[in-house]
2 protein chains.
Amino acid sequence: MAPSTSAAPIAETLGRRGLRLTGARQRVADMLEKRRGTFTAADLLEDASRSDAAVGRATVFRSLDLFTELGLLERIDLPTGDHAYVVCEPVHHHHVVCSVCGRQTEVEDAGVQAIVAEMERQTGYRIDRHRLELYGTCAACRSAEQPS
Amino acid sequence: MAPSTSAAPIAETLGRRGLRLTGARQRVADMLEKRRGTFTAADLLEDASRSDAAVGRATVFRSLDLFTELGLLERIDLPTGDHAYVVCEPVHHHHVVCSVCGRQTEVEDAGVQAIVAEMERQTGYRIDRHRLELYGTCAACRSAEQPS
DNA sequence: GTTTTTGCAAACCATTTGCAGGGTC
DNA sequence: GACCCTGCAAATGGTTTGCAAAAAC
């Protein structure tokens, strides 16, 4: 039950907006698919230079922005203040990030909506977006780092 | 029942850690007290230069870090990706930020803990910190911007 | 053929750091 | 008097921009 592969939609998503499917964008998309968990622009920049089919610095940043706008990527903020990205589904959800290995898992909105509604009532604000990011240690890293 | 004023505690908090209460830190603290809602380092830098009793760029950044570490400030990330700060109580809570005027309100953990626990169960992660930031429009801005 | 996109290099901006002088305990 | 802190200016690191050449439609 794979909800959607990020491979095909790219061309389509670009086309739908009259944007061009260029080699560079394709190469960035490929780099994204190989990524697991969170990564920074610097990570991708490294991929871009390492790779035989290189992509310029500026283009990497431009693609990152573009893909984020298109909803293929999401930008999150690590506790350190660094900006990171994750490939994700364009539906509302939250990220649980492993501080050890960077792996991330998406979880659905298990009751957050209700809390948001409650907070609207408490504060008098109309809340139109929220961000919940969770940081911890994933199961794998937990067993690995088992203290003596 | 005001839990704590941010005025007096500064000297005390510094002293408790063997840090010095210097003129510069005092001036930064004063600038913080005059702030409402969120502000960026740049905002403070501007205050620092405008003010008759100026504080150097580096010192502003150093104080911001220090005060954040001491729990007098919290650093949050705006949807734009910019880093911002808010003066706040050193207890766990969340921020509701007005996208129009930058004002912010703190709300307590109305059930978030339960959700976090649920997400731990769902993902297998041990979650040790989380961040919930909410963005919207405050009551005042809502009535002000009333569309025709 | 027209328009978008790329890549480079230079420009920018926010933040950090080294260091000598000054302030605080 | 010893040590911490400040301020300056220079260094840094990440990200953006101008522009001419190249690619996509």
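All values below come from the heavy atoms of this structure, side chains included, with hydrogens, waters and symmetry mates left out. Quick note on labels: first sequence line is chain A, next is B, and so on, each numbered from 1. Bear in mind that the values here come from a model prediction, so they are computed numbers and not experimental data.
One interatomic measurement links the two molecules: CZ of B/Arg17 to C1' of C/dT24, which rounds to 19 Å at whole-angstrom precision. If you take CZ of A/Arg27 and C1' of C/dT5, they are 12 Å apart, rounded to a whole angstrom. For A/Phe61 and C/dG7, the CZ to P distance is 14 Å, given to the nearest whole Å. Put simply, CG on B/Asp65 is 16 Å from P on C/dA14, counting in whole angstrom units. Atoms CZ (A/Arg25) and C1' (D/dA23) sit 11 Å apart, rounded to a whole Å. Between the CG atom of B/Leu19 and the C1' atom of C/dT24 there is a distance of 12 Å, given to the nearest Å. In this structure, A/His83 atom NE2 and D/dG13 atom P are separated by 18 Å, rounded to whole Å. Protein atom CD of A/Gln26 is 15 Å distant from nucleotide atom C1' of C/dT6, rounded to whole Å.
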What verdict does the side chain to side chain donor-acceptor pair (under 3.5 Å) test give for A/Tyr135 and B/Arg131, after you've listed the backbone C-alpha separation in whole Å, the side-chain angles of each residue and the deciding distance to 0.1 Å? CA-CA 8 Å; A/Tyr135 307 95; B/Arg131 185 163 54 180; 3.1 Å; yes
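Here C/dG7 is the nucleotide among C/dG7, C/dT15, C/dT16 with the atom lying nearest to any side-chain atom of A/Val55. When the nucleotides D/dT15, D/dC8, C/dT5 are ranked by their closest atom to the side chain of B/Arg62, D/dC8 comes out on top. Side-chain atoms of B/Arg20 lie closest to C/dT24 of the nucleotides C/dT24, C/dT6, D/dT6. Picking from C/dT6, D/dC25, D/dT15 the nucleotide with the shortest atom distance to the side chain of A/Leu21 gives D/dC25. Comparing atom distances between the B/Ala58 side chain and each of C/dT17, C/dC8, C/dT15 picks out C/dT17 as nearest.
Distance check: B/Leu132 CG to A/Leu134 CG gives 9.0 Å after rounding to the nearest 0.5 Å.
A/Glu108 and A/His93 share no side-chain donor-acceptor pair at under 3.5 Å. Between the side chains of B/Tyr85 and B/Thr68, no donor N or O sits under 3.5 Å from an acceptor N or O.
Taking 4.0 Å as the cut-off between side-chain N and carboxylate O, B/Glu33 and B/Arg35 do not count as a salt-bridged pair.
Nucleic acid contact for B/Leu45: none, since no nucleic acid atom lies under 4.0 Å from a heavy atom of the residue. B/Ala41 comes within contact range of the sugar-phosphate backbone alone, with a heavy-atom separation under 4.0 Å but no base atom that close. Contacts of A/Ala48 with the nucleic acid, taken as non-hydrogen atoms under 4.0 Å apart, are absent.
Taking 3.5 Å as the limit, the base of D/dG14 and the side chain of A/Arg57 contain no donor-acceptor pair of atoms between them.
For the pair B/Gly23 and B/Arg75, both in contact range of DNA chain C, the more 5′-proximal nearest nucleotide belongs to B/Arg75. When each of B/Thr59 and B/Gly18 is assigned the nucleotide of DNA chain D with its nearest heavy atom, B/Gly18 is the one assigned upstream, toward the 5' end.
Remark: B/Thr22 is not in phosphate contact with D/dC4, judged by side-chain N or O atoms under 4.0 Å from OP1 or OP2.
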